[in-house]
J.: 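Have a look at this one.
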Amino acid sequence: MAEEAKSLNFIEHIVEEDLREGYTQKDLRFRFPPEPNGYLHIGHASSICLNFGLGLRYNAPVNLRFDDTNPAKEEKEYVEAIKKDVSWLGFEWDTECYASDYFQQLYDWAVMLIKDDKAYVDSQSSEEIASQKGTPTEPGKESPYRNRSVEENLKLFEGMKSGEFKDGEHVLRAKIDMASSNMLMRDPVMYRVLHKAHHRTNTDWCIYPMYDWTHGESDYIEQVSHSLCTLEFLPHRELYNWFLDQVVSSDKLRPKQREFARRNLSHTVVSKRKLLQLVEKGLVTGWDDPRMPTISGLRRRGFTPESIRNFADTIGIAKRENVVDVSLLDFHVREHLNKIAPRVMGVLNPLKVVITNYEQGKEEWLEAENNPEDESAGSRQIPFSRELYIEQEDFREEANRKFFRLKLGGEVRLKNGYIIKAESCTKDDDGNITEVQCTYDPKSKSGSGTEESLRKVKGTLHWVSIPHAITAEVRLYDRLFTDATPDSHKDKDFLDFVNPDSLQKVTGYLEPSLKDSKIGDQVQFQRLGYFNVDKDSTPENLVFNRTVTLRDTWAKLEQKG
RNA sequence: UGACCCAUGGUGUAAUUGGCAACACAGCUGGUUUUGGUCCAGUCGUUCUAGGUUCGAGUCCUAGUGGGUCAACCA
């Protein structure tokens, strides 16, 4: 990796220690194991960056493994969406794996466990099994079926597999310890009967292995060295190891499960169940709504893979609970877009300006720099004329010295154009300002080199020539939730905090160079923010999303009053 | 009436494994700027508490406090 000096996170320390104590670089292998039952979100992005980042750092393979053991919830559509998201983030997996590819091996191992008297078929209902489980403070009771003979267990398990039983009639359980202080060790279920077609194995199987039985064994089959998961799986580690103990051979690598704290982002939710509610209740337009914290939503909103990767690197990984402020994500996308987004001009809240001493019907094409951060970006021509739009917020009849914009009797520069002076304004019957009459200094043209053009005026405004302007739908987004941690209130539902103003649609008046914008194009509307062209956009009806505003110290000043 | 995990600025993460508490974001002040953007400089502020070990503790030990996790035929 490029940065040698970078400090290590605790997972990297674990790997370093393993490397010192006998692992070779060739032993290292990681995996990202999503269940294909929904869309990936920003929390997954951290896990992806962690696992694939480790792969890059140690030049080790990383598998993309679909944990597809529950056909009731999983679909091929999600597999495709997940692959797209991981690729978009910029990572390449070594092998595309499916837990369902291991169904036969898992079955054979289960038969082996039965023969070793370490697993048995339980014929009780799930309610009965649950009632015998005990509580965290009281031990459980053993099932009346716990001591069935090996022969009977073999016969029943075979019957489960061959479809002789209905859903729920029997389960296969590991015979461990009903008195363990770890609830997961109290004879966990390994297999259930489920007559449901699987998106890959179709109807080949009517019994499906449970997560705990599948995950560690899959890691072992793939020879994953470090199996990283979130903290809620910590109690599963004991069981992960118990299952591994039953099958590992000494000439193969034994995977390790290690746990890290899930990253929480402020002002949003990431549980699939809650995201689904937002979609189903129509509070957003879909999984890829630009307000959603899904990877597809972030992509549509205009976030770049680089910005998300940098964000994940910056927040790092640890074991304590955390809430990362979204403003850090904003910072990273601004940081990246500042370097790559061409500057253009557009007015979202128009106020008409007439330059009274500018010739009627005249048009002029001015040169405008495309990106001050990138000389190779070159320049373009923008049209200037007698009638322009500026933002309503950029004009006041009177204002104090802190207001660097246009006021009666005051001067500002029009970006890439001339210095103008506001002489008068007209209002409608309600007192709203409808037009500002200005004069311009013909010798002050930007880049002309004249003494007047070099004059310093305090404010510079963006603008657009009315006769040349094109229109577009512009979608302005705000946080989806008004509360930093909407799902952490015991007395309130997270939906109570949905921000009613999270989407605002306006008509934008844009410089004509934007006419041929294509879906996905990213620009900076100067002084307003970074925008991209939404997938709803057509050549006739352009649609822009505001990815993020620019940093706005003026807004802060004004708030303070 | 248990087991386990965690505790460093407003936020997130570091600290050469016991040796000057650092980085980024946010905030604040100033400079540069034809974007109140960018950039530059400065500033703010922290090891949960009480003991102990040690020449030396964010790091090790003990106790406490606070937060979290665990009882799906989900993953």
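Every heavy atom of this structure was used, including side-chain atoms; hydrogens, water molecules and symmetry mates were not. Keep in mind that what you see is a predicted model, and the values were worked out from it rather than measured.
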J.: Mind checking Gly140(A) for me? I need base, sugar-phosphate or nothing, with any heavy atom below 4.0 Å counting as a touch.
T.: nothing
J.: Counting the atoms with a prime plus P, OP1 and OP2 as sugar-phosphate, which does Phe233(A) contact under 4.0 Å by heavy atoms, base, sugar-phosphate, or nothing?
T.: base
J.: Considering every strand and a 4.0 Å limit on heavy-atom distances, what is the contact class for Thr69(A): base, sugar-phosphate, or nothing?
T.: sugar-phosphate
J.: Once rounded to the nearest 0.5 Å, what's the spacing between atom CZ of Arg57(A) and atom CD of Glu12(A)?
T.: 4.0 Å
J.: Syn or anti for U69(B), please, going by whether the chi angle lies within 90° of 0.
T.: anti
J.: Between Phe157(A) and Tyr191(A), is the gap from one ring center to the other below 6.0 Å?
T.: yes
J.: Looking only at the side chains, is there a donor atom on one of Gln522(A) and Asn532(A) sitting less than 3.5 Å from an acceptor on the other?
T.: no
J.: Without hydrogens or angle criteria, can the side chains of His462(A) and Glu391(A) be said to hold a donor-acceptor pair below 3.5 Å?
T.: yes
J.: Reckon Ile315(A) touches a base, only the sugar-phosphate, or nothing at all at heavy-atom distances under 4.0 Å?
T.: sugar-phosphate
J.: Please give the distance between the P atoms of G64(B) and A3(B) as a whole number of Å.
T.: 12 Å
J.: Taking the C1' atom of each, how far is A24(B) from G45(B), in whole Å?
T.: 15 Å
J.: For C48(B) and U11(B), measure between their P atoms and round to the nearest Å.
T.: 13 Å
J.: With hydrogens left out and only the distance checked, is there a donor-acceptor pair under 3.5 Å joining Arg527(A)'s side chain and the base of U35(B)?
T.: no
J.: How far does the P atom of U46(B) sit from the matching atom of A63(B), given to the nearest Å?
T.: 30 Å
J.: If you look at every strand shown and take non-hydrogen atoms under 4.0 Å, does Asp325(A) touch a base, only sugar-phosphate, or nothing?
T.: sugar-phosphate
J.: Within the structure shown, what part of the strands sits under 4.0 Å from Phe331(A) by heavy-atom distance: base, sugar-phosphate, or nothing?
T.: sugar-phosphate
J.: Quick check for you: to the nearest 0.5 Å, what is the distance between Leu514(A) atom CG and Arg380(A) atom CZ?
T.: 8.5 Å
J.: Which part of the nucleic acid does Lys415(A) contact within heavy-atom distance under 4.0 Å: base, sugar-phosphate only, or nothing?
T.: base
J.: Answer with base, sugar-phosphate or nothing: what part of the nucleic acid does Val457(A) contact at a heavy-atom distance below 4.0 Å?
T.: nothing
J.: Provide the distance between the two P atoms, one in U47(B) and one in G58(B), to the nearest whole Å.
T.: 10 Å
J.: Examine G27(B): is either OP1 or OP2 under 4.0 Å from a nitrogen or oxygen in the side chain of Lys556(A)? Give yes or no.
T.: yes
J.: Look at the side-chain N and O atoms of Arg192(A) and state whether any lies under 4.0 Å from the OP1 or OP2 oxygen of C74(B).
T.: yes
J.: Would you mind telling me which of A71(B), U35(B), G68(B) lies closest to the side-chain atoms of Glu321(A)?
T.: G68(B)
J.: Counting any heavy atom closer than 4.0 Å, what does Arg334(A) reach on the DNA or RNA strands: base, sugar-phosphate only, or nothing?
T.: nothing
J.: With C1' as the reference atom in both, quote the distance from G18(B) to A26(B) in angstrom, rounded to an integer.
T.: 33 Å
J.: Is there a donor N/O on one and an acceptor N/O on the other, under 3.5 Å, for the side chain of Gln524(A) and the base of U35(B)?
T.: yes
J.: If you measure only the distance, is there a donor-acceptor pair under 3.5 Å linking the side chains of Ser123(A) and His170(A)?
T.: yes
J.: Could you measure between the two P atoms, the one in G27(B) and the one in A14(B), and give it in whole Å?
T.: 24 Å
J.: Just say parallel, tilted or perpendicular for the rings of Phe243(A) and Trp213(A), cut-offs at 30° and 60°.
T.: perpendicular
J.: Using a cut-off of 4.0 Å on non-hydrogen atoms, how would the nucleic acid contact of Pro34(A) be classed: base, sugar-phosphate, or nothing?
T.: nothing
J.: Students often get this wrong, so: under 4.0 angstrom with heavy atoms, is Glu238(A) touching a base, only sugar-phosphate, or nothing?
T.: nothing
J.: Please determine if a side-chain N or O atom of Thr553(A) lies less than 4.0 Å away from the OP1 or OP2 oxygen of G37(B).
T.: yes
J.: Using a heavy-atom cut-off of 4.0 Å across all strands, would you classify Lys456(A) as base, sugar-phosphate, or nothing?
T.: sugar-phosphate
J.: Report, one pair per line, the protein and nucleotides 14-20 of chain B atoms (nitrogen or oxygen only) whose separation is under 3.5 Å.
T.:
unit_1, atom_1, unit_2, atom_2, d
A14(B), OP1, Ile317(A), O, 3.0
A14(B), O2', Ser7(A), OG, 2.9
A15(B), OP1, His13(A), NE2, 2.9
U17(B), O4, His13(A), ND1, 2.9

J.: Measuring to OP1 and OP2 of G36(B), would you say a side-chain N or O of Arg405(A) lies under 4.0 angstrom away?
T.: no
J.: I'd like to know if the side chain of Ser227(A) pairs up with that of Arg258(A) as donor and acceptor (distance under 3.5 Å, no hydrogens or angles considered).
T.: no
J.: When you measure from the side-chain N and O atoms of Arg263(A) to the phosphate of U13(B), is any distance below 4.0 Å, counting only OP1 and OP2?
T.: yes
J.: Here's a test of your reading of the structure: between Arg455(A) and Pro136(A), which maps to the more 5' nucleotide of RNA chain B?
T.: Pro136(A)
J.: Work out how far the P atom of C44(B) is from that of A21(B), and round it to whole angstrom.
T.: 16 Å
J.: Quick one: label Glu35(A) by what it contacts on the DNA or RNA (base, sugar-phosphate, nothing), any heavy atom closer than 4.0 Å.
T.: sugar-phosphate
J.: From the list C28(B), A75(B), U34(B), which nucleotide is the closest neighbour of the side chain of Ser446(A)?
T.: U34(B)
J.: NA contact type, His170(A), heavy-atom cut-off 4.0 Å: base, sugar-phosphate, or nothing?
T.: nothing
J.: Would you say the base of G36(B) stacks on Trp554(A) (centre-to-centre below 5.5 Å, plane angle below 30°)?
T.: yes
J.: Apply ring pair (Phe, Tyr, Trp, His ring centres under 6.0 Å) to residues Tyr208(A) and Phe103(A) and explain how you reach the verdict.
T.: CA-CA 8 Å; Tyr208(A) 290 94; Phe103(A) 282 172; 5.8 Å; yes
